[in-house]
There are 2 protein chains.
Amino acid sequence: MNDFLLIFKALADRNRLRIMAALLQYDELCACQLTELLGVAGATSSRHLAQLQNSGLIQGRKKGRWVFYSMVEELPYDFPLTWLQDKLLSTKDIVEDDKKRLATIMTESPENICRRQRGEEFGDAGEFKK
Amino acid sequence: MNDFLLIFKALADRNRLRIMAALLQYDELCACQLTELLGVAGATSSRHLAQLQNSGLIQGRKKGRWVFYSMVEELPYDFPLTWLQDKLLSTKDIVEDDKKRLATIMTESPENICRRQRGEEFGDAGEFKK
DNA sequence: TACATGTTTAGCTATATGACTAAATATAAT
DNA sequence: ATTATATTTAGTCATATAGCTAAACATGTA
């Protein structure tokens, strides 16, 4: 298949761009933190992460039960990450709200995030529109 | 809506990347030449061109009955066109065959291409209308 | 061992996308 | 004006994609 095309397909989704923006701000984030950021089901966020990983842009590092994701250092096709970072982080409608959400998420332990996600699997406080 | 995302969506399709590659090799190409290159229905290629144009990467110039497409000079979000050109034109499975096809197409007049396309609307072999 | 927990995979559904044909539009030629 | 022609839009269909829940997997803990 076509690796070059995979890069654009990986970036052609709003939630995956949000993941990229998050990983461009923090060296490493675990799956549950990114799930919390996106506000989607864990399975959904996992699929997005798999697609980004498959494109060669991000990598996952397993540490016990957690998987920490980060940008790949040696990017495929010399992908211009600096440009992406510059534009992504200054594009309001994608990451502005996420910056605050991320800051909050980083103050919590992954354990607490995961615990809350488990608890919220069914009916949280109605904040589940989509 | 999100313009930045539109760029990646525009590039997340093999046929649209083929169009980009073609326009990175030739200053201007008319719709029928690009249709001929892709080997799809004229309507299909027209929709791809519209999407690329809507993303801000290419532009169309009307000249009589023909519409000539070309890259936009002032690209949105400082899109790194040099990088795209470099990688796209050296990625075999996308453009290698197209380079020869394009060279052939350029030896013909748009009129002939359009005439053949009309004739080939139904079944390409043997259907010699007029 | 058994259980708990973080993540992924499987299976499903709704929407988005890309392909086609036919009709509509815009412009040139007669 | 009428016809021809290049392109776009409308309408349809099949496939791809993104979301969900539930089950499976992998690993830590009792």
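Any value given below was found using the heavy atoms of this structure, including those in side chains, with hydrogens, waters and symmetry copies removed. The structure displayed is predicted, hence computed values, not measured ones. Residue numbers begin at 1 in each chain, while the letters A, B, ... track the order of the sequences.
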Take atom [atom1] of [X] and atom [atom2] of [N], then tell me their distance rounded to the nearest Å.
X      : N     : atom1 : atom2 : value
A:R116 : C:dT5 : CZ    : P     : 16 Å
A:N112 : C:dG6 : CG    : P     : 10 Å
A:I113 : C:dG6 : CD1   : C1'   : 12 Å
A:R61  : C:dT7 : CZ    : P     : 12 Å
A:L49  : C:dT7 : CG    : P     : 10 Å
A:I58  : C:dT7 : CD1   : P     : 13 Å
B:Q53  : D:dT8 : CD    : C1'   : 12 Å
A:E111 : C:dG6 : CD    : P     : 7 Å

Counting just side-chain N and O atoms, does [X] come under 4.0 Å of either OP1 or OP2 of [N]?
X     : N      : result
B:H48 : C:dA19 : yes
B:Y69 : D:dA6  : no
B:K9  : C:dT17 : yes

Legend entry - A:R65 (side chain) and D:dA26 (base): donor-acceptor pair under 3.5 Å: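 By the distance-only test, no, there is no pair.
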Distance from [X] atom [atom1] to [Y] atom [atom2], nearest 0.5 Å?
X     : Y     : atom1 : atom2 : result
A:L24 : A:S70 : CG    : OG    : 11.0 Å
A:I7  : A:N54 : CD1   : CG    : 11.0 Å
B:I19 : B:L34 : CD1   : CG    : 5.5 Å
A:L11 : A:L84 : CG    : CG    : 6.0 Å

Mind checking [X] for me? I need base, sugar-phosphate or nothing, with any heavy atom below 4.0 Å counting as a touch.
X     : result
A:Q51 : sugar-phosphate
B:A43 : base
B:F68 : nothing

Legend entry - Min side-chain heavy-atom separation B:R18-B:N15 under 4.5 Å: yes
Legend entry - Aromatic ring pairing A:W83/B:F79, orientation class (parallel under 30°, perpendicular over 60°, tilted between): perpendicular
Inset, instruction - Let me know, please, whether A:C32 or B:T44 comes out on the 5' side of the other along DNA chain C by nearest nucleotide. - result: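 So the residue in question is A:C32.
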Legend entry - Of A:K62 and A:A50, the one whose closest DNA chain C nucleotide lies more 5':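 Nearer the 5' end of the strand: A:K62.
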Legend entry - Residue B:W66, side-chain heavy atoms: nucleotide from D:dT9, D:dA6, D:dT21 that is nearest: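 Minimum distance to the B:W66 side chain belongs to D:dA6.
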Legend entry - Residue mapping more 5' on DNA chain D - nearest nucleotide basis, A:R47 or A:K63: A:R47
Legend entry - Residues in contact with DNA chain C, drawn from residues 12-29 of chain B - heavy-atom cutoff 4.0 Å: B:D13, B:N15, B:R16
Legend entry - Side-chain H-bond candidate by donor/acceptor type, A:E108 with A:Q33, under 3.5 Å: no
Inset, instruction - Provide the closest heavy-atom pair for A:P110 versus A:C32 in the form atom of the first, atom of the second, distance. - result: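 Answer, listing the atom of A:P110 first, then A:C32: O-SG, 3.8 Å.
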